[in-house]
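Below is one structure, written out as structure tokens; comments come after it.
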Protein chains: 2
Amino acid sequence: MKSSRTLNRIKMIEYSGQPHYLVAVDCIVFGFDGEHLKILLVKRGLEPEINKWSLIGGFVGAQESPDDAANRVLKKNTGLEGIYLEQLQIYGEPQRDPIERTLSVGYFALIDINKYQTQLSDDYHAEWFLINDRPKLIFDHDQMVADARKKLRYKAALHPILFEMLPKKFTIPQLQILFEEVNDTKIDTRNFSRKISSTGLLIKLAEKDKSGSKKGAFYFKLDKKKYNANFQAFLNLIPNLKP
Amino acid sequence: MKSSRTLNRIKMIEYSGQPHYLVAVDCIVFGFDGEHLKILLVKRGLEPEINKWSLIGGFVGAQESPDDAANRVLKKNTGLEGIYLEQLQIYGEPQRDPIERTLSVGYFALIDINKYQTQLSDDYHAEWFLINDRPKLIFDHDQMVADARKKLRYKAALHPILFEMLPKKFTIPQLQILFEEVNDTKIDTRNFSRKISSTGLLIKLAEKDKSGSKKGAFYFKLDKKKYNANFQAFLNLIPNLKP
DNA sequence: TTATTAAATGTCAAAATGACATTTAATAAT
DNA sequence: ATTATTAAATGTCATTTTGACATTTAATAA
């Protein structure tokens with residue numbers, strides 16, 4: 001290892017003069033209430049744009065990676081850990097933050113909305129909005145939401161990520177509504193259940209959900225082993241997928 | 001617009017105390033020489049790790065976005081503009097650069113290796129390496145290459161991006177070798193040409209390439225209109241794709 | 001004229017897809 | 001007890017796509 005004096009000299013010579021920036025993370029948190037796709041927003045607590053609606057975010061601390069920061073910020077705002085989290089892209093236009101140059105790493109997160117509701121109610125003044133009926137957001141956050149939605153759709157067409165938004169026990173009709181919401185399309189019931197069955201990812205339970213009909217719909221749960229094993233496989237879950 | 005004095009006060013109150021970091025870009029540049037997949041590397045010109053092999057990269061300047069920076073750095077090192085460029089992910093482990101915390105935005109680029117060779121030869125001491133026979137790289141660049149390769153394979157299975165690495169005129173056998181290289185697998189000739197034909201993306205030319213055989217192989221070119229129109233569609237170009 | 005070599009192409013069985021309607025299981029109403 | 005109601009669950013068939021496999025073709029060299 002070089003001495004810190006040598007390191008300092010090198011740094012002065014080589015890296016000095018390069019600009020330094022703030023680096024933040026912003027999370028697009030998706031949830032599903034059984035009927036519609038929703039997104040979790042917070043009222044921004046600092047200037048500029050204080051009290052405007054914004055994505056959940058924060059600065060990347062000195063001792064953490066962006067992934068760490070996203071998980072920390074999510075835990076703080078939802079109380080949840082181990083959430084499905086995926087990097088979207090970096091947002092780095094020089095003027096995107098009017099106060100000072102800040103690059104933001106966008107993430108999208110999928111959570112079981114029920115877990116969220118029970119865990120805490122109003123400790124952090126976050127609020128769920130219908131994805132199609134949300135307030136205008138600060139900075140480039142609307143662009144981030146648009147990008148995240150697109151990526152969610154893309155990813156969900158190929159990989160079974162939407163299960164992350166469902167409770168442990170769910171029914172096929174519930175699952176189908178979620179797929180229809182995400183893809184903004186109607187899907188044929190018969191073809192859908194055939195496709196879902198053929199993945200082999202679901203285990204049928206004895207219990208039924210009778211809230212939606214007299215007959216009731218059987219609950220299913222994920223086969224975790226197969227889920228983890230097949231996650232990277234291409235499933236082609238959406239029929240006739242348009243770009 | 002707020003006065004700059006107000007802005008300064010807000011900044012002092014709200015953003016101050018947050019750490020600032022260097023932000024860089026690093027590009028994984030892929031090329032194809034007709035036989036093998038290659039990658040473009042440079043000898044690093046600054047400490048630390050001076051003279052070690054590294055990805056093509058540089059710091060993000062004050063007036064440019066990371067995308068701008070990647071394009072600038074690529075032009076400087078290859079002489080080429082308008083290269084296919086895609087964001088990979090951000091690399092932001094706190095200790096990834098031993099001198100000072102630097103976050104790097106990884107990009108992968110696809111270039112026609114012939115364009116590169118003619119444009120300049122040794123102006124920038126960059127060198128092509130076989131992807132499977134390359135020197136060890138600095139920092140986390142080996143990880144970046146691994147990630148980029150994986151993403152290239154993934155993307156190429158669904159979208160016609162590999163054409164970006166071929167000259168304007170190319171033959172089906174050439175194209176097949178490229179697909180085989182990227183996927184590290186052998187593909188059946190008959191099924192491959194059927195699949196490629198069915199995309200409708202290729203236009204057969206009258207001319208033949210006779211360098212590879214007595215019979216010669218017909219040249220094809222991309223139907224640019226269909227290419228741009230179908231780029232987002234899912235093509236499923238790779239048979240029996242394994243994760 | 002024949003041999004050589006890589007390019008180009010055809011067939012068939014199996015699997016996956018898309019379009020479409022009926023049956024079933026439970027509860028509610030009579 | 002019987003019937004009506006309602007959403008859940010499931011089946012069929014024609015078309016398309018896939019994967020496995022071998023032969024023909026076009027040019028040059030011998």
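Each chain gets a letter, A, B and so on, in the order the sequences are listed, and its residues count up from 1.
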(request) Verify the neighbour count for atom NZ of B:K221: are there more than 12 heavy atoms of other residues, nucleotides or ligands below 6.0 Å? (result) no
(message) Please classify the nucleic acid contact of B:S193 as base, sugar-phosphate, or nothing, using heavy-atom distances under 4.0 Å.
(response) base
(message) Between C1' on C:dA8 and NZ on B:K204, what's the gap in Å once rounded to a whole number?
(response) 8 Å
(message) Does the plane of the ring in A:Y116 sit parallel, tilted or perpendicular to the ring in A:W128? Use 30° and 60° as the thresholds.
(response) perpendicular
(message) I need the CD-P distance between A:E207 and D:dA8, as an integer number of Å.
(response) 16 Å
(request) Could you check how far CD1 of B:I187 sits from P of D:dA20, rounded to whole Å? (result) 12 Å
(message) Under 3.5 Å for both donor-acceptor distances, Watson-Crick or wobble: does D:dA9 have a partner, and if so which one?
(response) C:dT22
(message) Without decimals, in angstroms, what is the distance between A:F192 CZ and C:dA19 C1'?
(response) 18 Å
(request) Could you tell me which nucleotide pairs with D:dT3 by Watson-Crick or G-U wobble geometry, both distances under 3.5 Å, or answer none if nothing does? (result) C:dA28
(message) Could you tell me the Watson-Crick or G-U partner of C:dA14, where both distances fall under 3.5 Å? Say none if there is no partner.
(response) D:dT17
(message) Would you say B:K195 places a side-chain N or O within less than 4.0 Å of OP1 or OP2 belonging to D:dT18?
(response) yes
(message) Does A:K226 have more than 12 heavy atoms from other residues, nucleotides or ligands lying within 6.0 Å of its NZ?
(response) no
(message) Below the 4.0 Å mark, does C:dA8 have OP1 or OP2 next to a side-chain nitrogen or oxygen of B:K215?
(response) no
(message) In whole Å, I'd like the distance from the NZ atom of A:K186 to the C1' atom of C:dA19.
(response) 17 Å
(request) Report the distance from atom CZ of B:R190 to atom C1' of D:dC21, rounded to the nearest whole Å. (result) 5 Å
(request) Quickly work out the A:N191 CG to D:dT12 P distance and round it to whole Å. (result) 15 Å
(request) Compare the minimum distances between each of D:dA9, D:dT28, D:dT10 and the side chain of B:K210, then state the nucleotide with the smallest one. (result) D:dT28
(message) Checking contacts here: which listed nucleotide (D:dC21, C:dC12, D:dA8) is nearest the side-chain heavy atoms of B:R194?
(response) C:dC12
(message) Let me spell it out: for each of A:K214 and A:K208, pick the nucleotide of DNA chain D with the closest heavy atom. Which residue's pick is nearer the 5' end?
(response) A:K214
(message) Rounded to whole Å, please give me the gap between CG in B:D188 and P in D:dT18.
(response) 14 Å
(message) Could you check whether A:K169 makes a cation-pi contact with A:Y219, meaning its NZ or CZ is under 6.0 Å from the centre of the six-membered ring and within 45° of the ring axis?
(response) yes
(request) Indicate whether the side chain of B:T171 and that of B:D209 have a donor and an acceptor atom separated by less than 3.5 Å. (result) no
